[in-house]
Amino acid sequence: MSSLIIKNGCLFDPLNGIDGEVKDIFIRDGRVVTDLSGTQRRGAQVIDAAKKTVMPGGVDSHSHVAGAKVNAGRLMRPEDHIRTVRARTAITHGGSGYTIPSVYKQGYDYAGMGYTTVFEAAMPPLEARHTHEEMGATPVLDMGAYMVLGNNWFVMRYLKDGDIDRTAAYIAWMMRTHKAYGIKCVNPAGVENWGWAKNVNSLDEPNIHFDITPREVIRGLAEANELLGLPMSLHLHTNNLGHPGNWEITRESLKITAGLAPSSRAQVPWAETRLDSRRQQTVYLAHAQFCSFGGTSWRDFQSGAQGVIDYVNSAEHVVIDNGAVPFGPATAMTGDGPAIHDLYMLSGQKWSNTDVELECGSGVIPFVYAKSSPISSIQWAMGLELLLRIKDPWKTIMTTDHPNGGVFTEYPQVMTWLMSRKARDQTASECHKWAYDRSSLGEVDREMDLFEMAVLTRANPARTIGISFRKGHLGAGADGDVTIYDIDPSTLDPAHHQNLASALARPYCTIKDGAVIARRGEVLAVPEGRRFYCQPFSDQEEEKEMLSDLKEWFKYYTVGFANYPVPDKYLKRPAPIAVNRPLEALARRR
Amino acid sequence: MMFRNLVCPVCGASCDDIQVEMTAEGIVAKNACKMGNAKFQELASPHRIRQPLICQGGEMLPSGWEEALDRAADILASSSRPLIFIGSETSCEAMEVGLHLGEYLGGVVDSNSTVCHGPTAMGIQEAGRVGATAGQSKNRADLTVYWGSNPLESMPRHMSRYAVYPRGYWTRRGRFDRTVITVDPRRSLTAENSDLHIQLNPNTDFELLSALLALLHGQQPHPSAEEVTGVAIRQMEEMLELMKGCNYGVIYAGLGMASSYGKHRNAEMAFHLVQELNNHTKFVIGALRGHCNVAGFNQVASYLYGYPFGLDFSRGYPRYNPGEFTAVDLLRERDVDAALVVCADLVSHFPADCASYLGEIPMICIDIASCPTTMLSDVVLPGVIDAMECDGTFYRLDDVPIYFQPFTASPFPFTASNQHTLQQLMERVRGRKEAGS
Ligand code: SF4
Ligand SMILES: [Zn+2]
């Protein structure tokens, strides 16, 4: 059995309250342990991390990396693949693609950058088999996927009847059936209207036929989420995404789950942490930057982040990821079909769309964020503004909503802007002046430190989605996933931001389950990643009634009930999480 | 014994409601159409290849499995640029191994879409595609347009399962709630059963689509459009009014669009027309993909390597350039020196000079029944019938993945599936390469 000692590194482990202390880390059989015996020490591999920064392995809680819409992007964009290639090596496959890399390249790029865990943010149930096939083909990464439910016919029908129990029973069955990790709600009530080329525009506008409002869907899904005790809270993509002035509907949407008690009841052993590693929030807002637009049109467009920032600062039940815009090529892809149609109307770019029967939709369109563009420049500023001006780092997560705001390989650059005022000023001087004129970024002096970076890229994504029982920290029992950066915290000068960005981009090494898998970007080992998903229990009587209704309505699908599930064999290394003990579920029902 | 919820492995409809009964008299397949049923009967067909064959002195002779695999591995390992062609009647799982093999050998991997809906895929690369899963048409569509497609003959259950006859949520009266338009130079069976038949001149799809787009934008098409397409402007207007006026319209594009003059430009224009129609009403378009899992190769190749078909690995990373790295062109240019053909009868379906070049180079074939391609091969490995004898994944015409399970097992002790055969071949090739290097 293998042992690993990481010696003398400067450790940043926020969930254990460790802020740069020099500490040794011991890993035995893939898990962090407090110490090793004498014999184990003698047989251990030792990595000298003196004058280096040590963090838990990176955790991406929101990225679009596997499934039908990601692949629709790959298929429609050969121009994205032709210039960015990766040749095969003795242990790795070749690949191609910049904003939408093929799965092998994607896995290696994440690993080379110090990330070991990535969650796909939108899995349509009917196409869940596709998402699982792609995750199954992705090397190295531990992964899971959130199931899209905000426009699902069954959810809308049950919630219209005010029946949270039945909604929860349906969701529990769906998560087990499709091996999903969490609940994603995209443009609630609006995507169903997109089935008729329409949308909804306010929280209280009922949609066509199902006659349900976005507010009812958000509240209902959040309640069902807590009733089931899922590890992650509801993950929300708000209405009116990408429309000037949408910050207001975003704030109002966040208010909907206030007062709801977070209740995660995953039946798992929890690795030790000094801080409470259970989630505190009842809503996790996706890509806040796209939801915080100000102004009333593209002409008077400005950052509307202030309203969202103020609300999040005052609320205890919200976590956001930012969806940063690092400039450059992107591919917009979302379950929000009408939002992508809006982009098509603006840009006239090639546009793909797939609506999914009874469930959801999606759209894909290429996009370039140019420094010369006033709108792109403001969006760049907003992505950073949100993270820097929400005071408590435990309310924020850093993402680019890959590949919507930008590509995940730009994370080091985004981190650098957060850590260096000088880096921000330099970019602001290169891009359109509206970046500082129409946002508050220019007034922000805050420079995040390595501890805060570890919160935003490790501890908090893990805690927010409830995978912190084993990821996002290095307490005893946690997975032995570690990133060691060539950064000496005692001499770190954020003014030298180019050095910082390249050190973050190519860590000294990435360790997964106690084994070195990459060094300075080069992939050295390709283990099979785990597949996390939840198996929530729900009341059996309720489930039986729900299933008879579901089977009756299955005639509207084009796939038979028997062929609907994701078979076990699609998961090579499954890691199911039991949620909600039967007794608890029953007690709550009474 | 009765087996239910089986998947038919014949066309892109991937019907998943087949019931099979194995009786003393033979196989009874319920719910399958004529085409599907014929395939289920092949299980007991006298044409079935039941053992490996090796060509010796111009004659195909039965051989042992090990011997045949060795010979196949020799051919691939000594080739400097093999073509691996994976037909559509096999699983995504087998396709994945085929792609790995092609990458490992620095060869070229292509599939059926190169000769069927390849132009449609290229059209998507130009314009994008606004589509939906088939259930959206079933539940919502009150207008169905078959453009260059004849489902009654090529995908017999398309109309009844997905597009015209089913009683969907907003289409409770089935056919009575829908209008059907067929665009086809021929008076096909589908055209006869439509409400409107637009009988354009052959090879004028691009012109007709452009004229419709001009009309949609409020412009008058050039008067020559009538003569070129053979369709009166008044009739185009009638068609467009139906399209703009419906609540939910869908175009199912067939090979008539993809393989007539203009090729991918036709598809591109159709995609633009549909995109613009969405400013008036809901409109989507999909390809009527004739072969079983032809969509699957596009999906698997795209997510593994980044391109939908015609992938060249000679530089160690994937490259794509239809017309250069596509099977027909490589064979015509005599640019490959060996071929592995899985579940496809290239010799019958490719142009004559390509077929004859296949006769000149060493060829390995995996197939279930003898055909001209197996006859020209140096090694023939018996194929296993997906969805009958092994499980796996197909992608349906609308890119919905369907998991299929078998109702019987592979008849061969030496392989469980085409995926398994390819894995064994891969191992052997690897052994040779590693020993040689
Ligand atoms: S329509 Fe196609 S898939 Fe369905 S039964 Fe007929 S041949 Fe098989
Ligand atoms: Zn997203």
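Every chain is numbered from 1 and lettered A, B, ... according to where its sequence line falls, protein lines coming before strand lines.
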When every non-hydrogen atom of A:Glu357 is compared with those of B:Gly135, the smallest separation belongs to OE1-N, 2.7 Å
Between B:Asp399, B:Leu304, B:Asn321, which shows the greatest number of heavy-atom pairs under 4.5 Å with chain A? B:Leu304
Heavy atoms only: give me the nearest A:Thr558-B:Ala134 pair and the separation to one decimal. CG2-C, 4.0 Å
Please classify the contact of A:Pro567 with chain B as side chain, backbone, both or neither, using a heavy-atom distance under 4.5 Å. side chain
Is the ring pair B:Tyr169/A:Trp553 parallel, tilted or perpendicular, if the boundaries are 30 and 60 degrees? tilted
Below 4.5 Å from any heavy atom of chain A, which atoms of B:Ala127 appear? Answer side chain, backbone, both or neither. backbone
Can you find a pair of side-chain heavy atoms, one from A:His341 and one from B:Val130, that are under 4.5 Å apart? no
Test side chain to side chain contact (heavy atoms under 4.5 Å, CB included) on B:Tyr320 and A:Ile82; report intermediate values, then the result. CA-CA 8 Å; B:Tyr320 167 76; A:Ile82 212 122; 5.5 Å; no
When rounded to the nearest 0.5 Å, the distance separating CD of B:Glu93 from CD of A:Glu133 is 6.0 Å
Among B:Ala132, B:Gly168, B:Ala121, B:Gly286, which residue has the highest count of heavy-atom pairs closer than 4.5 Å to chain A? B:Ala132
Given heavy-atom pairs under 4.5 angstrom as the criterion, report whether the side chain, backbone, both or neither of A:His209 touches chain B. side chain
If you round to the nearest 0.5 Å, how far is CD of B:Gln275 from CD of A:Gln349? 11.0 Å
Are more than 12 heavy atoms, taken from residues, nucleotides or ligands other than B:Lys30, located less than 6.0 Å from that residue's NZ atom? no
Could you pull out the closest heavy-atom pair between A:Ala137 and B:Tyr303, with the gap in Å? CB-CE1, 4.0 Å
Please look at A:Ile100 and chain B and tell me whether the side chain, the backbone, both or neither of the residue comes under 4.5 angstrom of a heavy atom of that chain. neither
I'd like to verify something: which residue of A:Gly94, A:Gly195, A:Gly363 has the highest number of heavy-atom pairs under 4.5 Å with chain B? A:Gly195
Could you tell me which of B:Pro308, B:Gly316, B:Cys15, B:Ser137 has the largest number of non-hydrogen atom pairs under 4.5 Å with chain A? B:Gly316
The side chain to side chain contact (heavy atoms under 4.5 Å, CB included) partner of B:Tyr395 among A:His130, A:Arg129, A:Glu127 is A:His130
Considering only heavy atoms, which portion of A:Tyr557 lies under 4.5 Å from any heavy atom of chain B: side chain, backbone, both, or neither? backbone
The interface call for B:Arg319 against chain A, heavy-atom contacts under 4.5 Å, is neither
For B:Arg140, is there an ion pair with A:Glu192 - N to carboxylate O distance below 4.0 angstrom? yes
Note: A:Ser352 and B:Gly128 closest approach over all heavy atoms is OG-CA, 3.4 Å
From B:Lys138 NZ over to A:Leu358 CG, what is the distance, rounded to the nearest 0.5 angstrom? 9.0 Å
Which of A:Ala66, A:Ala68, A:Pro101, A:Pro78 touches chain B most, by non-hydrogen pairs under 4.5 Å: A:Pro78
Pairwise distance CG(A:Asn71) to CG(B:Asn298) - rounded to 0.5 angstrom: 9.5 Å
Counting heavy-atom pairs under 4.5 Å to chain A, which of B:Asp391, B:Thr281, B:Val300 comes out on top? B:Asp391
Measure B:Gln405 against the heavy atoms of chain A and call it side chain, backbone, both or neither at under 4.5 Å. neither
Check whether A:Arg86 gets within reach of chain B through its side chain, its backbone, both or neither, counting any heavy atom under 4.5 Å. backbone
Counting heavy-atom pairs under 4.5 Å to chain A, which of B:Glu126, B:Arg167, B:His100 comes out on top? B:His100
Region of B:Asp17 that comes under 4.5 Å of a non-hydrogen atom in chain A: neither
Are more than 12 heavy atoms from other residues, nucleotides or ligands located less than 6.0 Å from atom CD of A:Glu522? no
Residues A:Val559, B:Ile402; criterion side chain to side chain contact (heavy atoms under 4.5 Å, CB included); working and verdict: CA-CA 8 Å; A:Val559 172; B:Ile402 306 285; 3.9 Å; yes
Euclidean distance, A:Met76 CE relative to B:Ser302 OG, rounded to 0.5 Å: 12.0 Å
Tell me, side chain or backbone of A:Lys105 under 4.5 Å from chain B's heavy atoms, or both, or neither? neither
Would you please test A:Thr354 and B:Gln136 for side chain to side chain contact (heavy atoms under 4.5 Å, CB included) and show each step? CA-CA 10 Å; A:Thr354 303; B:Gln136 292 289 83; over 6 Å; no
Minimum heavy-atom distance between A:Val85 and B:Pro318, given as atom pair plus value: CG1-O, 4.3 Å
Check whether B:Cys92 gets within reach of chain A through its side chain, its backbone, both or neither, counting any heavy atom under 4.5 Å. side chain
For A:Tyr344, is it the side chain, the backbone, both or neither that has a heavy atom under 4.5 Å from a heavy atom of chain B? side chain
Using side chain to side chain contact (heavy atoms under 4.5 Å, CB included), reason through B:Gln125 and A:Glu79 one step at a time and then give a plain yes or no. CA-CA 9 Å; B:Gln125 295 175 340; A:Glu79 77 281 6; 6.0 Å; no
Greater than 12 external heavy atoms within 6.0 Å of B:Arg172's CZ: yes
Among B:Arg315, B:Met122, B:Arg4, B:Glu103, the residue with the most heavy-atom pairs under 4.5 Å to chain A is B:Glu103
Give a yes or no on whether A:Lys198 atom NZ has more than 12 heavy-atom contacts from other residues, nucleotides or ligands under 6.0 Å away. no
Looking at every non-hydrogen atom in both residues, tell me the closest pair between B:Lys282 and A:Asp355 and how far apart they are. NZ-OD2, 2.6 Å
Could you state the interatomic distance from CG (A:Asn563) to CG (B:Leu6), rounded to the nearest 0.5 Å? 8.5 Å
Keeping B:Tyr307 on the side-chain end and A:His81 on the backbone end, is there a donor-acceptor pair under 3.5 Å? yes
Give a yes-or-no answer on whether the side chains of B:Thr393 and A:Tyr570 include a donor-acceptor pair shorter than 3.5 Å. yes
Engaged part of A:Ile365 at the chain B interface, taking heavy atoms whose separation is under 4.5 Å: neither
